[in-house]
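Structure record follows, encoded as structure tokens.
Lettering of chains follows the sequences in order, A, B, ..., and the numbering in each one begins at 1.
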Number of protein chains: 2
Amino acid sequence: MIKDLFNCDHVGKMTGDKRREQILHTAVSLFSQRGFSGTTTKEIARVAGVSEAMVFRHFSTKSELYDAILGDKSCHDGIRFPWEENPVLHEAIKNKDDYNVFFNLALNALIKQQADENFLRLLFYSALEEHELADRFFNEFVARLYEFIGGYIKLRQNDGVMREMNPRIVVRAFLGMLIHHSLNNILWDRNRRLLDITNEEAAKNFAEIILRGVLKKV
Amino acid sequence: MIKDLFNCDHVGKMTGDKRREQILHTAVSLFSQRGFSGTTTKEIARVAGVSEAMVFRHFSTKSELYDAILGDKSCHDGIRFPWEENPVLHEAIKNKDDYNVFFNLALNALIKQQADENFLRLLFYSALEEHELADRFFNEFVARLYEFIGGYIKLRQNDGVMREMNPRIVVRAFLGMLIHHSLNNILWDRNRRLLDITNEEAAKNFAEIILRGVLKKV
DNA sequence: TTGGAGTAAGTAAGCACTTACTTATCATAC
DNA sequence: GTATGATAAGTAAGTGCTTACTTACTCCAA
């Protein structure tokens, strides 16, 4: 019963691919909690419910196990762009509905970051530890996000409704609010002592602030 | 000569206190670069230019060495409030010169964060590793910062010049811009590929955005 | 001559990783 | 249907090296 619900706890033999995937997910979870050097292969094996030798059958070194995260499907799920499969955002952009563009971007980001706490932790660990993962995420995701949001701002500047200023500074300010808010909730203020608001409230306020900051008239 | 410049490299005997301090500073530097579990006592000793036994004479365990950072003077230098010894900010607050209040807060924060990269890295490592340092910094510094800036916003709301909204959300948005910008410069975009601006430019733009976001009329 | 600064050379436990072996699975031959 | 054998999943018990930490000592200035 329970084994069916948590298919990771499956006891007995598994197919190679399934076991590999399970070890990888266990590793991601542990690396995100304790970092690379804070995680031991012994513990990965223990949590995955196999012997240490099995870990090394599937991944020849601990580093290779970390590197394999890059190629993992669920990792690339974390790198899903906001404009993909988001008809509401598409509509808002088409209609040049500035508030809903920024509100939607904010809300989506906050929800995703909240749901994938582990991925955010992993990303920060890998940035501090200067692992390729951080670099790749930056180049493949963040850089494109800057182009996308920056592009929209430039468009609205050409329309004459937004003030002339470096669009990328606006993007940095906006993403700063979002990431900092998530980081507070995940890392520093888990019990919401300083600020306890819903994602909707946060998205609404951040969208308002950034728009008033950049629009010529509200 | 060099030994005088870098008083840490002093060879030969030192007084106990001086050696203790030097080992501590070496440790802070290494912990901030590689995290707690990524740093070995052997390397701390090597970089400090003493035997490992000396490290354990001054600090009975590796953890105690980490904990000692909390009590270190230079750590509390990192925790220096923006309203201390900053007459320009004081003046701006007294005159209710909103732009200069926020511009000053931003510029000071950015300069300090840039100068003390190591401290920021240490703070993030300790937050991820759930070390007391992060908690203490949050309670002693961040919480008070929220009260201070939030208090100013509330004051200006009572004056009728700022919109009615949760002041703490504004503080979060503002600090988010600042910290995220520094984090980008330190961690992800060291060569300023995405955005290459001076601290003054950043402070000016961030102050403008947050003020337009919260003021009734600019 | 004594007390504190300093070290060389340990120790036990823990680390990433290996070896030599045992079990389960399943297609095929009978 | 059942025995068989190849193959892949799995492990217990290591390997040598590194880790945090200790011991038993030397050196030197006051």
Side-chain angles (χ1 to χ4, degrees), chain A residues 3-4 6-69 125-126 129 131-132, chain B residues 3 7-69 125-126 129 131-132:
Chain A
K3 284 166 203 163
D4 292 321
F6 301 84
N7 69 341
C8 288
D9 283 328
H10 180 75
V11 181
K13 296 209 174 180
M14 268 188 187
T15 64
D17 284 355
K18 259 205 168 317
R19 184 63 87 191
R20 190 191 141 94
E21 208 182 323
Q22 186 223 339
I23 291 169
L24 186 57
H25 281 121
T26 306
V28 169
S29 161
L30 287 172
F31 283 145
S32 77
Q33 284 165 55
R34 322 194 209 293
F36 182 76
S37 48
T39 304
T40 65
T41 51
K42 192 178 180 176
E43 197 174 17
I44 293 169
R46 215 207 67 230
V47 175
V50 290
S51 67
E52 221 179 326
M54 275 308 288
V55 173
F56 287 98
R57 166 145 308 166
H58 288 287
F59 306 93
S60 64
T61 63
K62 188 184 169 187
S63 275
E64 202 187 290
L65 181 48
Y66 200 137
D67 294 344
I69 297 171
Y125 260 123
S126 71
E129 289 169 339
H131 187 272
E132 197 197 340
Chain B
K3 283 168 202 163
N7 67 343
C8 289
D9 282 329
H10 180 73
V11 181
K13 294 209 176 182
M14 268 189 188
T15 63
D17 284 354
K18 259 204 170 316
R19 185 62 87 189
R20 190 191 140 93
E21 208 181 325
Q22 185 225 337
I23 291 170
L24 186 57
H25 281 120
T26 307
V28 169
S29 160
L30 287 172
F31 283 144
S32 77
Q33 284 166 55
R34 321 195 209 293
F36 182 75
S37 47
T39 305
T40 65
T41 51
K42 191 178 182 176
E43 198 173 16
I44 293 170
R46 214 206 68 231
V47 175
V50 290
S51 68
E52 222 178 325
M54 275 307 289
V55 173
F56 286 97
R57 165 145 310 166
H58 287 287
F59 306 93
S60 64
T61 64
K62 188 185 168 186
S63 275
E64 202 186 291
L65 180 50
Y66 200 136
D67 294 344
I69 297 170
Y125 260 122
S126 70
E129 290 169 338
H131 187 273
E132 196 196 340

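Nearest approach of A:Phe56 to A:Lys62, heavy atoms of both residues: CE2-N, 4.3 Å. In this structure, B:Leu65 and B:Ile44 approach most closely via the heavy-atom pair CD2-CD1, 3.8 Å.
Using a 4.0 Å heavy-atom distance criterion, B:Ser63 is classed as making no nucleic acid contact. A:Ser37 comes within contact range of no nucleotide atom at all, as no heavy-atom separation falls under 4.0 Å.
Nucleotide D:dA20 holds its P atom 15 Å from the CD atom of B:Glu64, rounded to whole Å. Atom CD1 of B:Ile23 is separated from atom C1' of C:dA5 by 11 Å (rounded to the nearest Å). Distance, B:Tyr66 OH to D:dC21 P: 15 Å, rounded to whole Å. The CZ-P distance, from B:Arg46 to C:dT7, rounds to 15 Å in whole Å. Put simply, CD on B:Glu43 is 10 Å from P on D:dA20, counting in whole angstrom units. Here the P atom of nucleotide C:dG14 and the CZ atom of A:Arg34 are 15 Å apart, to the nearest Å.
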Protein-to-nucleotide contact annotation, 5' to 3' order, nucleotides 6-18 of chain D [B base; S sugar-phosphate only; - none; under 4.0 Å, heavy atom]
--BBBBB------
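Between the side chain of A:Glu129 and the backbone N or O of A:Phe36, at least one donor-acceptor pair lies under 3.5 Å.
The structure places OG1 of B:Thr40 at 8.5 Å from CZ of B:Arg46, a figure rounded to the nearest 0.5 Å. Taken to the nearest 0.5 Å, the OG1 atom of B:Thr26 stands 10.5 Å off from the CD atom of B:Glu21.
Exactly one of B:Tyr66, B:Tyr125, B:Phe31 qualifies for a ring-ring contact (aromatic ring centres under 6.0 Å, His included) with B:His131. That residue is B:Tyr66.
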